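Below, read A as the first sequence line, B as the second, and so on, with proteins coming before strands; counting in each chain starts at 1. Since the model is a prediction, treat every value here as computed from it, not as a measurement.
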Protein chains: 2
Amino acid sequence: MALNVRTLCLAILSMRDATGYEIRKLVTEGAFSHFIAASYGAIYPALAQLLTDRLVTMREEEQTGKPARKVYSITAAGQRALADALATLPGRDIYKSEFLLQMMFADRLPARQLAAIYDAYIAMQEAELAQLQEESRNMPQTPGACFVRDYGRLMLTTVLDFLKARRDRLLDECARAAQSENEEEAS
Amino acid sequence: MALNVRTLCLAILSMRDATGYEIRKLVTEGAFSHFIAASYGAIYPALAQLLTDRLVTMREEEQTGKPARKVYSITAAGQRALADALATLPGRDIYKSEFLLQMMFADRLPARQLAAIYDAYIAMQEAELAQLQEESRNMPQTPGACFVRDYGRLMLTTVLDFLKARRDRLLDECARAAQSENEEEAS
DNA sequence: CCTCACATGTAATGAGTTACATGATTGG
DNA sequence: CCAATCATGTAACTCATTACATGTGAGG
């Protein structure tokens, strides 16, 4: 079985108790955000499912005003299910990059736009690196977490170096390619 | 509109005419395979849609025995639609890594299994790099294609260096963590 | 005053995967 | 003789996203 939101919730709950809201935060802004995604519409039903399967338990904490927090904890059965799921994951990555597709056709894009897309991507990666740095401070120091953090840091700095080094060359080559294409059309 | 199979087909057809079968090969084994995925069940309907929208044309080439090849070509309207789609892509990457999730919980995995997962992943990345190298030879030499190829090469070699350098350290740390956890349980 | 953060959840919708169905030719 | 390659396509199904629905308290 491939990675799904249920397994993801189980994994997070194995580190600490959490509410659906907190899980979403971890997944969108926390240590997991760099290699995983999940929305409310997936997380809440997943937690409900885990509860009926008795892989987690839930306690409600009343609050004034806000709806009661539903804090989930993993059970022993959940720990076993997680270990099992982790072990049987096919372990293949899914990488979909709109940016690389755009770059593949860089010479078809108007020069102005290409530069804009490129710089926006650099900014995105830089933001991601900054966030990773931020997270590193209040992150559990398990060997796995450190490994993943270092992995992310290396990848991001490598990408950024490459992007910055190659920027002008790419823009230049694309300008030339567009020019020679125009000449061909004219002839 | 985010990246979908229709846009992907259009993009490939803008480089050269192709059949659905050929598009799938490009996407699973070719230059696009490193940052995109699509199955028959998505490609054939996408081509049919593009045809009714007149963004591509189709000619059948009869063959003895096999079903007729349906060779698709992009139209002028298709070129425009592609340029438009490429320009308006949000340009965000989707990266889902089961491997990194597994690594996040490396100390929970049996040592034997962790090593197996790790080495299998290295082998996978190595295969991917070899394939990229292979492709490079009969690849179009546009600035975009070269950029993407160099990008992929750099990322893969960087990952591989990291994975190989960190292997023994990770295994060691996880063994220690597992040991101290056992001691805690015993006390 | 308005927006953000907190906090839960559902329903409609979309997009693509998996598995099936069919069938000839070629190479080991 | 068996597996792989070529070649098209459909239907059932899974999975998750988006948008909606609801409501308070705090801070600028």
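Between atom CG of residue B:Asp93 and atom NZ of residue B:Lys96 there is a gap of 14.0 Å, rounded to the nearest 0.5 Å.
Counting to the nearest Å, the C1' atom of C:dC6 and the CZ atom of A:Arg69 are 9 Å from each other. We find that CD of A:Glu62 is positioned 13 Å from P of C:dA7, with the value rounded to whole Å. Atom NZ in B:Lys70 sits about 11 Å away from atom C1' in D:dA7, given to the nearest Å. Rounded to whole Å, the distance from CD1 on B:Ile36 to P on C:dT17 is 11 Å. Atoms CZ (B:Arg6) and C1' (C:dG16) sit 13 Å apart, rounded to a whole Å.
Sorted by first and then second residue, the ring-ring contact (aromatic ring centres under 6.0 Å, His included) pairs involving residues 149-174 of chain B (not counting sequence neighbours) are A:Phe147-B:Phe162, A:Tyr151-B:Phe162, A:Phe162-B:Tyr151.
Shown for residues 79-96 of chain B: no residue has heavy atoms falling under 4.0 angstrom of DNA chain C. For DNA chain D, none of the residues of residues 13-31 of chain A falls under the heavy-atom distance limit of 4.0 Å. Less than 4.0 Å separates DNA chain D from at least one heavy atom of each of the following residues of residues 37-50 of chain B: B:Tyr40, B:Gly41, B:Tyr44.
Put simply, the side chain of B:Glu98 never gets that close to the backbone of A:Leu89: no donor and acceptor are under 3.5 Å apart. A:Thr88 places a side-chain N or O within donor-acceptor distance of the main-chain N or O of A:Asp84, the cut-off being under 3.5 Å.
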Going by atom type alone, with no hydrogens or angles, which donor-acceptor pairs under 3.5 Å involve a side-chain atom of residues 45-57 of chain A and a protein atom two or more places apart or on another chain?
{"residue": "A:Gln49", "atom": "NE2", "partner": "A:Asp53", "partner atom": "OD1", "Å": "3.3"}
{"residue": "A:Gln49", "atom": "NE2", "partner": "A:Asp53", "partner atom": "OD2", "Å": "3.4"}
{"residue": "A:Thr52", "atom": "OG1", "partner": "A:Gln49", "partner atom": "O", "Å": "2.9"}

List the atom pairs, donor and acceptor, that lie under 3.5 Å between side-chain atoms in residues 99-109 of chain A and the rest of the protein, sequence neighbours left out.
{"residue": "A:Gln102", "atom": "NE2", "partner": "B:Leu86", "partner atom": "O", "Å": "2.8"}
{"residue": "A:Arg108", "atom": "NH1", "partner": "B:Ser14", "partner atom": "OG", "Å": "3.2"}
{"residue": "A:Arg108", "atom": "NH2", "partner": "B:Ser14", "partner atom": "O", "Å": "3.2"}

Could you give the side-chain donor-acceptor pairs of residues 25-38 of chain B under 3.5 Å, partners two or more places apart or in another chain?
{"residue": "B:Thr28", "atom": "OG1", "partner": "B:Arg24", "partner atom": "O", "Å": "2.7"}
{"residue": "B:Ser33", "atom": "OG", "partner": "B:Gly30", "partner atom": "O", "Å": "2.7"}
{"residue": "B:His34", "atom": "ND1", "partner": "B:Glu128", "partner atom": "OE2", "Å": "2.9"}
{"residue": "B:His34", "atom": "NE2", "partner": "B:Glu135", "partner atom": "OE1", "Å": "3.2"}
{"residue": "B:His34", "atom": "NE2", "partner": "B:Glu135", "partner atom": "OE2", "Å": "3.2"}

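Between B:Leu10 and B:Ile74, the shortest heavy-atom contact is O-CD1, 3.6 Å.
Residue B:Ile94 shares its hydrophobic cluster (ILVMFWY side chains chained together at separations under 4.5 Å) with no other residue. Cluster partners of B:Tyr44 are B:Tyr21, B:Tyr40, counting Ile, Leu, Val, Met, Phe, Trp and Tyr whose side-chain heavy atoms approach within less than 4.5 Å, directly or via other members.
When each of C:dT8, C:dG16, D:dT8 is scored by its nearest atom to the side-chain atoms of B:Asn4, the top-ranked nucleotide is C:dG16.
Rounded to 10 degrees, the angle separating the terminal axes of the helix from C:dC1-D:dG28 to C:dG28-D:dC1 is 50°, with each axis obtained from five end pairs.
With sequence neighbours left out, the salt bridge (charged side-chain N to carboxylate O under 4.0 Å, His left out) criterion links A:Asp172 to A:Arg176. Residues that satisfy the salt bridge (charged side-chain N to carboxylate O under 4.0 Å, His left out) test with B:Arg92, not counting sequence neighbours, are absent from this structure.
We find that A:Arg69 and A:Glu61 are joined by a salt bridge, their nearest charged nitrogen and carboxylate oxygen being less than 4.0 Å apart.
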